[in-house]
Amino acid sequence: MRIAIYSSSGNGTESEHMGIFNYLPTKAEQWDEISEMFPEHEFSVYFCLHGGMTVEENGFEVFAKAKNVSYTIIPFDSSAEDVAALIVSGSPDVAVAFAVPSDPFDWGAVHDSIVADKLRAKGIRTIAHDTLLSMETFEKHIINEKLKKLGFNVPIGVYVNKRLFDAGYEKFGIVKNAYKDYIRESIIKLSFPVIIKYDIGLGSFGLSVAYTVDEAMEIISSDNSGMDFLVEERINGINFGVEVFGADGKYSFHGPIIFSSNEDGVTVPFLSVKYGPVKNKAFNIDALKEEILRMANELNFCGGVQVDLMFSDGKWYVIELNPRFSYMSLLTAAIEDKNMLLNYIEPVVYDEKNTMSEFEQKPALSFKSLVYDEEIIRNLFNDFDSIKSVTRTKYQDAKFSEMCVGGVDTPYDLVNEMKRIQAKYPDIVSEIVISNISKLIDFCESYSD
């Protein structure tokens with residue numbers, strides 16, 4: 001069977017919003033491993049030059065290729081019809097969307113879904129989310145309303161149309177802005193503090209916390225991004241994430257993974273760590289799994305979805321859905337010691353009679369370091385088998401590395417392994433990271449209702 005994997009989004013090689021990503025193991029190694037796992041299939045990858053999320057490329061050129069998987073660059077000026085025609089020219093039996101994050105507008109999955117519509121119209125079976133679902137998740141206030149109607153817990157919030165919020169121009173004879181007054185009155189009714197975030201932004205990009213209505217109004221007023229906002233009651237609880245993969249009613253649940261956060265309930269870059277899978281039954285994990293799989297069936301997921309969650313007073317709240325490759329996906333893979341790409345192609349490589357595959361889950365964590373040097377990071381990766389993956393990221397003026405550590409039997413083995421790594425690489429693993437990991441694991445293991 002010929003399987004085409006495609007990623008059709010990106011900001012262009014000259015965009016200030018394009019990051020550069022380098023992975024260990026490399027994407028070329030990951031694609032070749034997939035090819036070796038399924039020699040009966042022929043794999044092809046179609047991608048935009050987007051900084052290295054899909055293959056090794058820096059936005060201008062491909063600098064490493066898989067040996068057994070063909071690569072095709074999608075020109076940036078391609079329409080969805082052009083992309084579909086390019087993929088069809090390779091005569092695939094099936095296509096799989098590998099949507100990637102896009103900064104600042106997280107609409108990569110939307111474009112891939114439009115391409116999927118074109119492919120399906122040409123008779124190609126395609127694993128990609130429905131275009132309407134991709135658009136609903138792109139606009140956070142819309143998917144929240146839909147989830148609420150389906151019986152899922154979501155934060156109480158107020159959607160803010162920024163154009164109407166700013167529509168007060170004396171030269172046009174407009175001196176009163178009724179919409180702005182409405183937003184203020186709506187926010188007053190919320191319980192404070194509130195979380196203020198872009199309605200269509202990437203992840204926690206632009207996220208703020210306000211403790212009064214005046215503070216909230218000032219944050220919205222002073223923003224010049226042009227984006228709309230979502231103002232939500234901050235749920236006092238614990239940050240988690242899960243991933244779900246699959247299609248056609250067959251889904252696999254991965255997680256939950258707990259995120260460390262500050263006193264405002266916000267994950268802080270470089271200080272935060274992620275750990276999972278959390279197995280303590282006091283977190284009502286069986287109920288969470290049941291709800292997430294119900295969500296997958298209700299919304300007819302077709303591919304991978306990352307779900308941000310809060311656990312509060314024994315209840316799970318859905319904060320956000322991301323129908324794409326997530327920065328959490330590598331940790332999900334580390335927990336199961338598997339090739340991350342396998343999760344996305346499982347719906348087409350396993351026999352129809354089988355459900356999604358299950359792998360043994362072992363404790364794993366991810367953390368960030370400001371150390372970016374390629375030689376140091378490669379030495380670290382080679383020195384410790386417990387380092388399952390490393391992502392080196394360069395975005396604007398920031399450079400950092402994120403590592404996933406796993407392959408141990410118990411959570412406390414994980415702490416000891418981090419101390420071993422710290423002994424050899426103290427510049428990479430700080431005392432703060434060790435402390436945060438220890439506290440997070442202690443909290444998960446000892447938590448009770």
Side-chain angles (χ1 to χ4, degrees), residues 16-30 50-53 55-59 63-64 100-101 103 202-205 241 257-262 266-276 325-335 337 340 363-408 411 413-441:
E16 65 178 17
H17 296 291
M18 188 188 73
I20 303 296
F21 303 88
N22 292 281
Y23 294 91
L24 288 174
T26 67
K27 288 293 185 180
E29 290 169 334
Q30 292 178 55
H50 185 54
M53 287 192 183
V55 304
E56 272 69 44
E57 48 89 7
N58 57 12
F63 55 86
V100 298
D103 184 17
L202 173 66
S204 58
F205 176 78
I257 290 168
I258 189 170
F259 308 161
S260 66
S261 57
N262 64 13
V266 177
T267 299
V268 181
F270 308 115
L271 296 180
S272 67
V273 294
K274 302 180 182 73
Y275 161 76
F325 164 72
S326 160
Y327 297 113
M328 201 180 84
S329 297
L330 289 165
L331 180 54
T332 297
I335 288 170
D337 196 17
M340 181 272 296
L365 63 87
S366 69
F367 71 100
K368 293 185 180 72
S369 170
L370 290 174
V371 176
Y372 181 81
D373 182 87
E374 181 178 2
E375 182 177 358
I376 295 174
I377 294 300
R378 187 171 288 278
N379 288 339
L380 167 72
F381 182 73
N382 291 334
D383 286 346
F384 292 92
D385 291 339
S386 59
I387 306 289
K388 298 302 178 181
S389 67
V390 182
T391 307
R392 295 169 58 242
T393 302
K394 180 180 180 182
Y395 181 74
Q396 297 180 359
D397 294 329
K399 293 181 180 180
F400 61 92
S401 302
E402 183 164 2
M403 284 139 274
C404 293
V405 183
V408 298
D413 289 338
L414 200 55
V415 176
N416 291 332
E417 183 64 13
M418 287 297 292
K419 290 178 179 178
R420 285 183 62 234
I421 297 171
Q422 182 191 40
K424 190 165 185 178
Y425 293 93
D427 292 337
I428 293 178
V429 181
S430 68
E431 284 292 342
I432 293 177
V433 168
I434 294 288
S435 175
N436 286 345
I437 291 168
S438 299
K439 290 177 181 177
L440 200 60
I441 289 175

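Please read these numbers as outputs of a predicted model, since none were measured by experiment.
- With hydrogens and angles ignored, the 3.5 Å screen pairs a side-chain donor or acceptor of E57 with a backbone N or O of H50.
- Judged by distance alone, with hydrogens and angles left aside, the side-chain atoms of S386 form no donor-acceptor pair with the main-chain N or O of V405 at under 3.5 Å.
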- Query: Could you go step by step and tell me if F63 and N22 meet the side-chain contact (heavy atoms from CB on, under 4.5 Å) rule?
  - Reply: CA-CA 11 Å; F63 55 86; N22 292 281; 3.6 Å; yes
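- Closest of all the heavy-atom pairs between S369 and D427 is OG-O, 4.0 Å.
- The OH atom of Y275 sits 12.5 Å away from the OG atom of S366 when rounded to the nearest 0.5 Å.
- Expressed to the nearest 0.5 Å, how far NZ of K388 lies from CE of M340 amounts to 15.5 Å.
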- Would you check, one step at a time, whether the test side-chain contact (heavy atoms from CB on, under 4.5 Å) holds for L380 with I421? CA-CA 8 Å; L380 167 72; I421 297 171; 3.7 Å; yes
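- Side-chain contact between Y23 and E29: absent, with no pair of heavy atoms (C-beta onward) separated by less than 4.5 Å.
- Within 6.0 Å of CG on D385 lie no more than 12 heavy atoms contributed by other residues, nucleotides or ligands.
- For the residue pair F367 and I428, the shortest heavy atom distance occurs at CE1-O, 3.8 Å.
- Note that CG of N416 is 9.5 Å distant from CD1 of I434, once rounded to the nearest 0.5 Å.
- With a 6.0 Å cutoff to the six-membered ring centre and a 45° limit on the axis angle, K27 counts as a cation-pi contact of F325.
- A334 approaches C404 most closely through the heavy-atom pair CB-CB, 3.9 Å.
- Between the CD atom in Q30 and the CG atom in L330 there is a gap of 7.0 Å [rounded to 0.5 Å].
- Taking every heavy atom of both residues into account, Y372 and T393 meet most closely at CE1-O, 3.5 Å.
- Two residues are said to be in side-chain contact when any heavy atoms from C-beta on lie closer than 4.5 Å; Y425 and V371 fail this criterion.
- Side-chain atoms of M403 and M418, non-hydrogen and from C-beta on, never get closer than 4.5 Å to each other.
- Ion pairing between a basic and an acidic side chain is recognised when a charged N comes within 4.0 Å of a carboxylate O; E375 and R378 show no such pairing.
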- Message: side-chain contact (heavy atoms from CB on, under 4.5 Å) for I441 and I437? Distances and angles first, verdict last.
- Response: CA-CA 6 Å; I441 289 175; I437 291 168; 3.9 Å; yes
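- The two atoms that bring S438 and V415 nearest to each other are OG-CG1, 3.6 Å, heavy atoms only.
- Separating the CZ atom in R392 from the CD1 atom in I20 is a distance of 11.0 Å, to the nearest 0.5 Å.
- When L24, I387, T391 are each tested for a side-chain contact (heavy atoms from CB on, under 4.5 Å) with I377, only one passes: L24.
- Here the OG atom belonging to S430 is positioned 13.0 Å from the NZ atom belonging to K368, to the nearest 0.5 angstrom.
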